[in-house]
Amino acid sequence: MSVLPTIPALTDFSVRLIAWQRQHGRHDLPWQNTRDAYRIWLSEIMLQQTQVSTVIPYYTRFLARFPDVASLAAAPADDVMALWAGLGYYSRARNLHRCAQGVVEQHGGVFPASVEALAELPGIGRSTAAAIASFAFGARATILDGNVKRVLARVFGVEGFPGEKRVENAMWVLAESLLPSNATNEAVVAYTQGLMDLGATLCVRGRPDCARCPFAADCVANVTGRQRELPAARPKKAVPTRRTWMLVLRDGNSVMLEKRPPSGIWGGLWSLPEAADEAALAQRARALGASAAVSPLAPLTHTFTHFRLDIEPRIVELNRVAGAHAALADGETAWVALSDIDAYGVPAPVRKLLDGLQGSLL
DNA sequence: GAAACGTGGCC
DNA sequence: TGGCCAAGTTT
């Protein structure tokens, strides 16, 4: 059974959306008003599952450090991770780096213009490929992000949770059918931006501003008063809790960091040595050269999308006599001054923990 | 095709 | 306070 109801007579969807975007859309975001595929690509990757206000300072810093794809491709992975630290979903940063290298090595340093070629690069899926292709090259290709799903679900009354494959497939078909025909490059840009702008500024989740919407008269959700029910909410799932012990091994102003494996949570970032319980942490502390007693710091809780992490931090002084800065850990380790943490890619809660330490010690 | 993957803002 | 989710992709 199709999830699509009868589509209302909205034959001029793209025309109305483009007109609305030109008059009421956003035109001054840092990654707009350029056709530089590198800048557009960088913004699209950062904006995956991340809001505009969060991205802007990261985007600015990143671009200042890596102004083009060649400089990014040539950078050490650790530098890329450090600039990404705090933004989350770190596989994006690893794929971003690999993608830059792919563009340099396989495409002569120039981003390919087709959706198909773009989607073969690491970190670029169907929606991001369409966004890059339309913004940078004026290609007629539809995006389908959270904004578009919300707009389509409401305007056309699409039932079902959009994260479900069956519903998402139907939305891709619908989105494709709505693309403007015979549009100039500039109109394509306005259309794609309009989809995002409408969802981000008017057709928001909480209190949509239907009075200002160009589709108010035709919108299924508005006409039937079902704005709160569309799109359908994600099915609820119990969020499991994990618990970990983290070691602040301190030597004066410096602490020991340990590089995390490339996959899994905080993959590729630098973090504190961890253990599964109190005894194991004390054992690790001794193995790393600490002889003093391990002291508790204030516990903290970090909430991810799919689980909750209770962190039990412990602090201990390094016993220099036992061998200063001996790297007895299994993986890669580094001694880092508390004032120099920014140079390393450190997970947000660990960063907070260490920031607090810097203020209270000495 | 479901689960994994971060963080911060909003109500 | 805590649930919900945002310019999705990969495994």
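Lettering of chains follows the sequences in order, A, B, ..., and the numbering in each one begins at 1. Here the structure is a predicted model, which is why all the values come from computation and not from measurement.
Looking only at atom types and distance, the side chain of Ser254(A) has no donor-acceptor partner in the side chain of Asp251(A) under 3.5 Å away. Counted by atom type alone, Arg212(A) and Thr201(A) present zero donor-acceptor pairs between their side chains at under 3.5 Å. Under 3.5 Å, the side chains of Glu274(A) and Thr244(A) contain a donor-acceptor pair of N or O atoms. Between the side chains of Asp310(A) and Thr301(A), at least one donor-acceptor pair of N or O atoms lies under 3.5 Å. No side-chain donor from either of Asn95(A) and Arg92(A) sits under 3.5 Å from a side-chain acceptor of the other.
Atom CZ of Arg308(A) and atom C1' of dG3(C) are 13 Å apart (whole Å). Distance His306(A) NE2 to dC5(C) P: 17 Å, rounded to the nearest Å. One interatomic measurement links the two molecules: CD of Gln49(A) to C1' of dT9(C), which rounds to 9 Å at whole-angstrom precision. The separation between Met46(A) atom CE and dA6(C) atom C1' is 16 Å, rounded to whole Å. Atoms CZ (Phe307(A)) and P (dG3(C)) sit 16 Å apart, rounded to a whole Å. Distance Phe161(A) CZ to dA6(C) C1': 13 Å, rounded to the nearest Å. Between the C1' atom of dG8(C) and the CH2 atom of Trp41(A) lies a distance of 16 Å, rounded to the nearest Å. Regarding Lys237(A), its NZ atom lies at a distance of 14 Å from the P atom of dG3(C), rounded to whole Å.
In this structure, of dC5(C), dA6(C), dG8(C), it is dG8(C) that holds the atom nearest to the side chain of Thr128(A).
Nearest heavy atoms, Ala82(A) versus Ala343(A): CB-O, 3.5 Å.
Note on Asp342(A) versus Arg351(A): salt bridge recorded, some NZ/NE/NH1/NH2 to OD/OE distance being below 4.0 Å. Checked for salt-bridge contact, Glu258(A) and Arg260(A) miss the test: no charged N lies under 4.0 Å from a carboxylate O.
Gln193(A) comes within 4.0 angstrom of a base, heavy atoms only. If you check every strand for non-hydrogen atoms under 4.0 Å, Thr50(A) touches a base. Contacts of Ser263(A) with the nucleic acid, taken as non-hydrogen atoms under 4.0 Å apart, are absent. Counting any heavy atom pair closer than 4.0 Å across all strands shown, Gly264(A) reaches sugar-phosphate atoms only and no base atom. At the heavy-atom level, Arg205(A) lies under 4.0 Å from base atoms of the strands shown. Contact annotation for Lys149(A): no contact, since no heavy-atom pair falls under 4.0 Å across all strands. Residue-level contact check: Ala348(A) touches the backbone only, with heavy atoms under 4.0 Å from sugar-phosphate atoms and none from bases. Here Arg150(A) lies in heavy-atom contact (under 4.0 Å) with sugar-phosphate atoms only.
Cation-pi geometry between Arg126(A) and Trp172(A) is met: the NZ or CZ atom falls under 6.0 Å from the ring centre, inside 45° of the normal. Remark: Arg234(A) fails to qualify as a cation-pi partner of Phe161(A) under the 6.0 Å distance and 45° angle criteria applied to the six-membered ring.
The nucleotide range of DNA chain B contacted by chain A, defined by atoms under 4.0 angstrom from heavy atoms of the protein and reported 5' to 3', is dG1(B) to dG8(B).
Phosphate proximity of dA6(C) to Gln51(A): absent, as no side-chain N or O sits under 4.0 Å from OP1 or OP2. Checking the phosphate oxygens (OP1, OP2) of dC4(C), a side-chain nitrogen or oxygen of Lys236(A) falls inside 4.0 Å.
Shown here is Arg228(A), whose CZ atom has no more than 12 heavy atoms of other residues, nucleotides or ligands within 6.0 Å.
Comparing Asp197(A) and Ala119(A) by the nucleotide of DNA chain C that holds the closest heavy atom to each, the one mapping nearer the 5' end is Asp197(A). When each of Gly206(A) and Tyr58(A) is assigned the nucleotide of DNA chain B bearing its nearest heavy atom, the one mapping closer to the 5' terminus is Tyr58(A).
Listed by residue number, Asn95(A) are the residues of residues 83-106 of chain A with a heavy-atom contact under 4.0 Å to DNA chain C.
Here, dG2(C) and dG6(B) have their P atoms 24 Å apart, quoted to the whole Å.
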